[in-house]
S.K.: 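One structure, as structure tokens, below. Some questions next.
Numbered from 1 within each chain, the chains take letters A, B, ... in sequence-line order. Worth saying up front: this structure is predicted, and the values here are computed from it rather than measured.
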Amino acid sequence: MNKEKRSLLKNDGVQSFIASIICILLGLLLGYVVLLFINPAGAGEAITSLVKNFFNYPNTTIALKYFGSTLVKTAPLLMCSLSILFAYKVGLFNIGAAGQYAFGAGIAIYAALAWQLPWWVCLLLAMAAGAVLGTISGILKSYCNVNEVISGIMLNWITLYAMNDLLTNVKESASPYTMHIESVSPQSIMPTLGLDTLFSNNQYVTISIPISIIIAIIVYIVMEKTKFGYELKATGFNKNAAKYCGMAEKRNTILTLLIGGGLAGLGAGLFYLTGFEQWSCGQSAVPAMGFNGIAAAFLGGLNPIGSIFSSYFIQHITVGGAYLDKSMYCTQISDLISSIIIYLCGFVLFMKFVMNNIAAKREEKAKAAAKAAEQEGGNE
Amino acid sequence: MEQAYAIEMLHITKRFPGIVANDDITLQLKKGEIHALLGENGAGKSTLMSVLFGLYQAEEGVIKKDGKEVNIKDPNDANRLGIGMVHQHFKLVECFSVLDNIILGDEPTDKAGFLKKDEARKKIIELSDKYGLSVDPDAIIEDITVGMQQRTEILKMLYRENEILIFDEPTAVLTPQEIEELIQIMKNLAKEGKSILFISHKLNEIMEAADRCTVLRKGKYIGTVNIKDTNKEELSRMMVGRDVDFVVHKEEAKPGDVILNVEGMTVASKVHHNNAVKNVSFKVHAGEIVCIAGIDGNGQTELVYGITGLEPLKEGKITLGGRDITHASIRDRNTHGMSHIPEDRHKHGLVLDYSLEYNMILQRYFEPQFVSGAGFLKRKNIREYSDKLIEQYDVRSGQGSITTARSMSGGNQQKAIVAREIDKDPELLVAVQPTRGLDVGAIEYIHKQLVAVRDAGHAVLLVSLELDEVMSVSDRILVMYEGEIVGELDPKKTTVEELGLYMAGAKKGAGGNE
């Protein structure tokens, strides 16, 4: 029985899961400590309301509605985490996902408001936009040896301001926000296919959620079951070996960032084409979605299926942050706490490493003890 | 006097997760002796030295210096006790002078913090004369020969007044002549009362240089013998645990058609500004093993890169089986008759994080037998193919096909590569240092495979730094020196000494290297 238990613990998937849970708990603990420092009176209540998120509403109908809203925000995060994860498996760090997301958002919104195109065209345009940006990073990396992190970060800012500029053309005159898509161009809003009725008529719950989950599964299959995934992962693990056996590593690098960009861009489309949120043309920070995608990818154990759950969790915490008692804590505190938790989520790999070390040491000790006992027995 | 030990490591046991690297090992180094530490790769030599240097702490056992127990917690403690080491890969600053490298970390300064180089120079010249090292303190490291660089490392230890000198595989990078010189230097040092620990797996050198020899095998202490009371065969039996066949058995070569034809090949070097391979021409025929001999860093790596397509040619032409492949892609060469056992199995040869089966198909994963039309991998076929190779080439691993390549031993990793490359049934097999870092048993095996490929009527281009291998395996030897082929020798008619002269560039008349 003991043996079975050990082999289960050695299973990579199980390890990832446990490591993720430990990270989440550590994050919550640290967040709680910070709240204690700021105002000890409400800390306990604050952290529970953060975790409870929509359960804060006693009424199931309302709770369900807000659950739907959390899901709406999960879809784009999942796409961003897939973008990061896909590139990461190939040995690239696609920090440009944030910019690719912003580009996808800008193009989707513009296509909807200025040209009033149907939703699926807007979606494809968003994906193409992200892919273009990713390709730029990929070409720079392959042919000019520019690190994808550097080009990604720079493109993030270039894109943000370019989008602010572009979307000023379609913003409301009285506010910095873009116009509501559902009133200007209803055909650009994604269909709900009745999903809204499941969530107390939350109109923002659309096919974006199933689409993102299906894409996660596709990414998993491509990575694990196909020749394309075999090549990409080989390139990621060992670029030199990939070159040695004749894989086109330059092409693969570009293709990877193209796909990564496409995923992030599509994620933006899946979010803004629900009409849930409008773009603020005055924003001076790249949307956090791309960066949170990094945490979601790691918390999900760098597994596309794991990402589905980790993305949901991170959105759950982020949205839940809004329920902190504003009379005790300033408004920024909710962001602070959720970012502490997200930050800790990045430690999954480290946790796995620690767990493996502990397990190996224990095993070694047990073996040594068994051996010693055996020898003693023999001596007698 | 006999009992005066400079350093004693008594009953050292060091465990790592899953393995006992040192199991109750005792090593006693007498004052003024040259003591060899012999063992195959993975026998625990490095671990034992790391314990002595304080890089690892032993779980059991004690270390004594001059009979007193000492506690070595880090390399600084080891330095303070007068223990110094010449590493296999020198730790020198390339663009500094010999003098600067020697005083680095132990700079003599006056009160204001200025360097007192004159004083250091005087001391270095004195030491150099005393031990016959003949090193110019003002020469720049990158300009001097490897042998001189090694002597700089030795001076570094002497300058710090180390009493116990450890040489980690010091002869791997030297020509036969330089090896002679080094052994003489070691003997001089021992005569002056320094105690020397000489780590090696080359039996000839141990027989020549050492007074006593301690043998390790698979982490265990096998024994310590007096060199004058033993012979090569006994030492190798202690090291490997069985009798070893040193002779490669092969028939006379029957060269056939030209398979590889290289004409005027020039390849640029990534390390230096000059060309690493300069206007080289040669042919390799079917049914023969042609060996490129030479000291490391004379253009062999770049030559292979040029032939296999890892680096573009600057000039020249290559044909394989009559077909011009000068500008062919790597994939094209790999699928049209060329196999390549790369120099560095971790860098090029394997994807260490992939399973063994995925590594077995690295050169043919795109073939229809392994991938469906829709691009899905055919796992069953991959597993079958991998199991077949594992069986046929006796590749041993913990879990067979699903073992992660990283967790396999070096010898079995290399066997996997050999299996993969030979199973492609290539017209030309390019094997670069195929036995590097392997134990005697694996070396024997790989040599047999190379000969088998030759006997099947294929061409073999072998690049080797090991003279024994060059002499015993090849049918024809080409010597490379500074990017050029300076001689063609017949292994049956030449001697190791003559080969050494070519390798050092002395036989060609060019270059004034000592």
S.K.: Among the options B:H340, B:R379, B:R364, pick out the one with the most heavy-atom pairs lying under 4.5 Å from chain A.
M.R.: B:H340
S.K.: Please determine, among B:V351, B:D344, B:T308, the option with the most heavy-atom pairs under 4.5 Å with chain A.
M.R.: B:V351
S.K.: Under a 4.5 Å heavy-atom cutoff, which of A:Y230, A:F228, A:F237 has the most pairs with chain B?
M.R.: A:Y230
S.K.: A:K233 versus chain B, heavy atoms under 4.5 Å apart: side chain, backbone, both or neither?
M.R.: both
S.K.: Let me know if B:E59 has heavy atoms under 4.5 Å from chain A in its side chain, its backbone, both or neither.
M.R.: neither
S.K.: Where on B:R333 is there a heavy atom nearer than 4.5 Å to chain A: the side chain, the backbone, both, or neither?
M.R.: neither
S.K.: Going by salt bridge (Lys or Arg N to Asp or Glu O under 4.0 Å), A:E231 matches just one of A:R251, A:K239, A:K243, A:K89. Which one?
M.R.: A:R251
S.K.: Name the region of B:R345, side chain, backbone, both or neither, that has any atom closer than 4.5 Å to a heavy atom of chain A.
M.R.: neither
S.K.: We want to know whether B:N22 and B:T47 form a side-chain donor-acceptor pair, criterion being a heavy-atom distance below 3.5 angstrom.
M.R.: no
S.K.: Mind listing the closest non-hydrogen atom pair of B:G306 and B:I318 along with its distance?
M.R.: O-CD1, 3.5 Å
S.K.: In plain terms, say whether B:R406 and B:D353 are close enough for a salt bridge, that is, a side-chain N and a carboxylate O under 4.0 Å apart.
M.R.: yes
S.K.: Quick one: of B:L352, B:T335, B:L377, B:D332, who has the most non-hydrogen atom pairs under 4.5 Å with chain A?
M.R.: B:L377
S.K.: Which bit of B:I361 is near chain A, if near means a heavy-atom gap under 4.5 Å: side chain, backbone, both or neither?
M.R.: both
S.K.: Quick one: do B:E384 and B:K388 make a salt bridge, cutoff under 4.0 Å?
M.R.: no
S.K.: Does B:E60 pair with B:R15 as a salt bridge, N-O distance under 4.0 Å?
M.R.: yes
S.K.: Answer yes if the side chains of B:Q369 and B:N381 hold a donor-acceptor pair under 3.5 Å, and no otherwise.
M.R.: no
S.K.: Taking B:F376, B:Y354, B:Y358, B:F366 one by one, which has the highest count of heavy-atom pairs under 4.5 Å against chain A?
M.R.: B:Y354
S.K.: For B:F370, is it the side chain, the backbone, both or neither that has a heavy atom under 4.5 Å from a heavy atom of chain A?
M.R.: neither
S.K.: For A:N238 and B:H346, which I'm curious about, is there any donor-acceptor pair between the side chains at under 3.5 Å?
M.R.: no
